[in-house]
Amino acid sequence: MTLKRFQYPQEWIERKKQKIPISVVTCYDFMMAKWISRTEIDAILVGDSLGMVFQGNSSTLPVTVDDIIYHTKIVRRGAPDFFIIADMPFGSYQASKEKALMNSFRVIKETNCQALKFEGSDEFTLDVIDQLVRSGIPVMGHIGLTPQSFMNFGGYKIQGKKEEQKKVLLEQAHKLQNVGCFSIVLELVHSELASKITKEIQIPTIGIGSGNGTDGQVLVIYDLFGMDPDFTPKHAKRYANFSEIGIDCLRKYDYEVKQKLFP
Ligand code: KIV
């Protein structure tokens, strides 16, 4: 099935109506963006997960606006006609509304991405998103286990098992829809609740570790490829084992140089 490549956020909502799942993958570099651009994947997220899988930090907190701009520009070069969402990193939108708007405008102007993603749905963040949407910037929400505030969650645990949490998450999804988000990432949300949210709201839900009842899925490309020899998150599926292939190539190269077999 060949589908028209997303250009505008409204097409995400149309896709939900057609009940055709949306595939999203993260990307941080030129070559992988080139690979993605040869597929039917619907959109690329330049996620702040780059702080962990690309930069080797233990969380996403150290990622800066400059990092996001740097990587999004590179990804844009590899996938010129893709719908690209840039993640707003920790500290880029919490200090004040003015700073949040200035950082957001900067990312849009400098990267040529189509949309921004924000974690959370507290009143302040909703106000920022509302203003951005009114200014013409498409925004993707992100609730559930939001990694920028992983400290508050006491670790990477499934959210929405308890009645109280269910109510809160459902309300958050509605609030994000009401301020004009075109889509919402549901991260580590209990699958029954993720399905319920998906049925209740009109904008597409993109799940990660939230079961198969969402309107689409997003995976971190390094997890999908099996790039880390030591770790794969429980929710991820390794479609290949690139770390094994890579390490094997390096060993062969080392052997051949030392044996004078190469060049
Ligand atoms: O930063 C990221 O890659 C993300 C996805 C996991 C949704 O936010």
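Counting convention: from 1, in listed order, for ligands and their atoms alike.
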**Q.** Criterion salt bridge (Lys or Arg N to Asp or Glu O under 4.0 Å) on K166 and E192, from CA distance to verdict
**A.** CA-CA 10 Å; K166 280 186 195 165; E192 271 173 34; 5.2 Å; no
Q: Give me the ring orientation class for F54 and Y28: parallel if the planes are under 30° apart, tilted from 30 to 60°, perpendicular past 60°.
A: tilted
**Q.** K4: salt bridge (charged side-chain N to carboxylate O under 4.0 Å, His left out) partners, not counting sequence neighbours
**A.**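 In terms of salt bridge (charged side-chain N to carboxylate O under 4.0 Å, His left out), with neighbours along the sequence ignored, K4 is linked to E11.
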Q. Yes or no on salt bridge (Lys or Arg N to Asp or Glu O under 4.0 Å) for D223 and K237, after CA distance, side-chain angles and deciding distance?
A. CA-CA 7 Å; D223 296 338; K237 176 171 174 186; over 6 Å; no
Show the distances, to 0.1 Å, for all pairs joining an N/O atom of ligand 1 and a protein N/O atom that are shorter than 3.5 Å, listing one pair per line.
from, atom 1, to, atom 2, distance (Å)
ligand 1, 1 (O), D48, N, 3.1
ligand 1, 1 (O), D48, OD1, 3.0
ligand 1, 1 (O), S49, N, 3.0
ligand 1, 1 (O), S49, OG, 3.3
ligand 1, 1 (O), D87, OD2, 3.2
ligand 1, 3 (O), S49, OG, 2.5
ligand 1, 8 (O), K117, NZ, 3.0

Q. Is there side-chain contact between F105 and L132, with at least one heavy-atom pair below 4.5 Å?
A. yes
Q: Please confirm whether F225 and Y239 have ring centers closer than 6.0 angstrom.
A: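 Ring centres of Y239 and F225 not closer than 6.0 Å.
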